[in-house]
Trainee: 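For reference, the structure I am asking about is given below.
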There are 2 protein chains.
Amino acid sequence: MPQSRTLNQEISLSVIKTACSNCNLRELCLPFGLSLEELERLDDLISTRRRIKRGDHLYRAGAPFDSIYAIRSGFFKTDVLLEDGREQVTGFQMAGELLGLDGISTESHTCNAIALEDSEICAIPFARLESLSREIHTLQHHFHKVMSREIVRDHGVMMLLGTMRAEERLAAFLLNLSQRFTARGFSHAEFYLRMTREEIGSYLGLKLETVSRAFSRFQEEGYIAVQQKHIRILDVNGLKALMNHRV
Amino acid sequence: MPQSRTLNQEISLSVIKTACSNCNLRELCLPFGLSLEELERLDDLISTRRRIKRGDHLYRAGAPFDSIYAIRSGFFKTDVLLEDGREQVTGFQMAGELLGLDGISTESHTCNAIALEDSEICAIPFARLESLSREIHTLQHHFHKVMSREIVRDHGVMMLLGTMRAEERLAAFLLNLSQRFTARGFSHAEFYLRMTREEIGSYLGLKLETVSRAFSRFQEEGYIAVQQKHIRILDVNGLKALMNHRV
DNA sequence: TTTCATGGTTGACATGGATCAAGCTAACGC
DNA sequence: GCGTTAGCTTGATCCATGTCAACCATGAAA
């Protein structure tokens, strides 16, 4: 049956493409620093790949934890909800970054992960990752680094929320995005925001109007060009200067 | 020489007391869940114990990382400094908690850890911890849980800084301290603050005057009794209610 | 093409917390 | 016991950001 043979070929092709060893994000992601042989062992572990449509949840707060997720493509936000409806966006994640580390602690997720555009993720069963990282020193160490980096990142956000004023926060936010896009081979100066002003505001501890005004102000000052979600950075140093001096 | 024999006895006694297997914090700390035999292997690893005087640094931002630290007794703060002098306190740590996880990511510390009272810590060489946790599954898993708990805690602080008003922040802070003191067998209703109003303020993203006013207000409302650093919680539910309703 | 809905911008005004300033308390060294 | 100092409290005032409201832009659905 030629039809089913074609189907099989397609499947095996897609399986090859899924593997970490063929993934162009491997230097940003969990496989960083692994040898070819080690990479193949990691491939065995990452069997599930899932598409998440824009607006859908990858997981919800309270759901049982069993895997962490590597973003293969797309864009996510994570948030925590208070009973009274207040939302805090705790982060925005892009390709090559890991989601779900919060779930290890209590064996259930403590935040929501929501796709901000159609995305694709690799599910990594956590028990198997622990088991493999008992065998592969490099993997173990790199995983620890990734968790630690998350802690350091969070401290940066605490700094931002605790001591910076509105425009400093937004400048820091834009510079951080720019730097992460650059690391992924995209333009450092021009990108589309995947999130709304309200989501940016929630992340930065500001109201959406304040975010909007700060964007307008940056545009007036010639630091950036904004058109809705399209951002062009015209003066990186201007933005950086904003953050360093007390105004 | 009887004198030196006494000295030796004292030393070996103190060594025994240092071991995780004899530590009354073991259920709160890294050894959680280990068998007796596993505990002894962990003991071998934790050779260094250090006293840190009030006001001294356990480590500084930028210092090379090689160990994490378990607090045996005392009280610490961690903070991040911006070039322009702004300080963000990123946490307060007490007995049984781990310090230094931030250093794993870049192999150098990213914050300062400062003793708020005379303290004692156990240094845990990180390379050896990784190596041992490759052999002891329970240790590995528990360590991952501790790191993940730190991430979850940080998300809680982000929520606090991003969406709560001054009095909610302080109420959350007091309830958190109370709960952690309770877990260590101290009174949940009465304790001494080890940090100044300014340090509380830095942690909560507020100025010291605002912290002071909020304390006074809580006292007027009958939620707590404050006398400088001495706190008595009189109405836990009052404090909790403060956090749940939008005022 | 028009309509509708969602998200963004801008203005006018309100306010929570910052800032500035004065005085108070408690602990510690002499 | 006394003076000094760091830390705390409280009051008066100010301002950055929140709130409320109107309007605009864009894209999807009809």
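A note on names: the letters A, B, ... follow the listed sequences, proteins ahead of strands, and every chain is numbered from 1.
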Trainee: Roughly, in whole Å, what's the span from CE in A/Met164 to C1' in D/dT17?
Mentor: 17 Å
Trainee: State which residues pass ring pair (Phe, Tyr, Trp, His ring centres under 6.0 Å) with A/Tyr192; sequence neighbours excluded, sorted by chain then number.
Mentor: A/His230
Trainee: Show every salt bridge (Lys or Arg N to Asp or Glu O under 4.0 Å) that has at least one partner inside residues 197-216 of chain A, sequence neighbours left out.
Mentor: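 Residue pairs with at least one partner in residues 197-216 of chain A: A/Lys77-A/Glu199.
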Trainee: What are the residues of residues 201-217 of chain B, sorted by number, that bring a heavy atom to within less than 4.0 Å of DNA chain C?
Mentor: B/Gly205, B/Leu206, B/Lys207, B/Glu209, B/Thr210, B/Arg213
Trainee: Of all residues at least two apart in sequence or in a different chain, which pass the ring pair (Phe, Tyr, Trp, His ring centres under 6.0 Å) check with B/Phe215?
Mentor: none
Trainee: In Å and rounded to the nearest 0.5 Å, what is the CD to CG distance from B/Glu167 to B/Leu239?
Mentor: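 Result: 10.5 Å between the selected atoms.
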Trainee: From CG of B/Leu170 over to P of D/dT9, roughly how many Å is that when rounded to an integer?
Mentor: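 Computing the B/Leu170:CG to D/dT9:P distance gives 11 Å.
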Trainee: Test: salt bridge (Lys or Arg N to Asp or Glu O under 4.0 Å). Region: residues 151-162 of chain A. Which pairs qualify, not counting sequence neighbours?
Mentor: A/Glu150-A/Arg153
Trainee: Using ring pair (Phe, Tyr, Trp, His ring centres under 6.0 Å) as the criterion, list what pairs up with A/Phe65, not counting sequence neighbours.
Mentor: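 With neighbours one apart ignored, the set is A/His109, A/Phe126.
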Trainee: What's the CG-P distance between A/Leu161 and D/dT17, to the nearest Å?
Mentor: 13 Å
Trainee: Considering the terminal five base pairs at each end of the helix from C/dT1-D/dA30 to C/dC30-D/dG1, what angle separates the two local helix axes, rounded to 10°?
Mentor: 40°
Trainee: Without decimals, in angstroms, what is the distance between B/His230 NE2 and D/dC8 C1'?
Mentor: 16 Å
Trainee: Report the distance from atom CZ of B/Phe218 to atom P of D/dT9, rounded to the nearest whole Å.
Mentor: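 Distance, rounded to whole Å: 13 Å.
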Trainee: Is there any side-chain hydrogen bond (donor to acceptor under 3.5 Å, both in side chains) pair reaching into residues 50-59 of chain B, and which pairs are they, with sequence neighbours excluded?
Mentor: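 Residue pairs passing side-chain hydrogen bond (donor to acceptor under 3.5 Å, both in side chains), neighbours aside: B/His57-B/Arg60, B/Tyr59-B/Asp102.
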Trainee: Residues in ring pair (Phe, Tyr, Trp, His ring centres under 6.0 Å) with A/Phe76, at least two apart?
Mentor: none
Trainee: In whole Å, what is the span from the CZ atom of B/Arg194 to the C1' atom of C/dA27?
Mentor: 17 Å
Trainee: Report the distance from atom CD of B/Gln228 to atom C1' of D/dA6, rounded to the nearest whole Å.
Mentor: 11 Å
Trainee: Taking the basic N atoms (NZ, or NE/NH1/NH2) and the acidic carboxylate oxygens, is any pair closer than 4.0 Å for A/Arg149 and A/Glu97?
Mentor: no
Trainee: Looking only at side-chain atoms of B/Arg165, point me to the closest of D/dT17, C/dG16, C/dG7.
Mentor: C/dG16
Trainee: Taking only side-chain N and O atoms of B/Gln227, does any of them lie within less than 4.0 angstrom of OP1 or OP2 on C/dA26?
Mentor: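 Affirmative; the distance criterion is met.
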Trainee: Please report the distance, rounded to the nearest Å, between CD in A/Glu167 and P in D/dC15.
Mentor: 16 Å
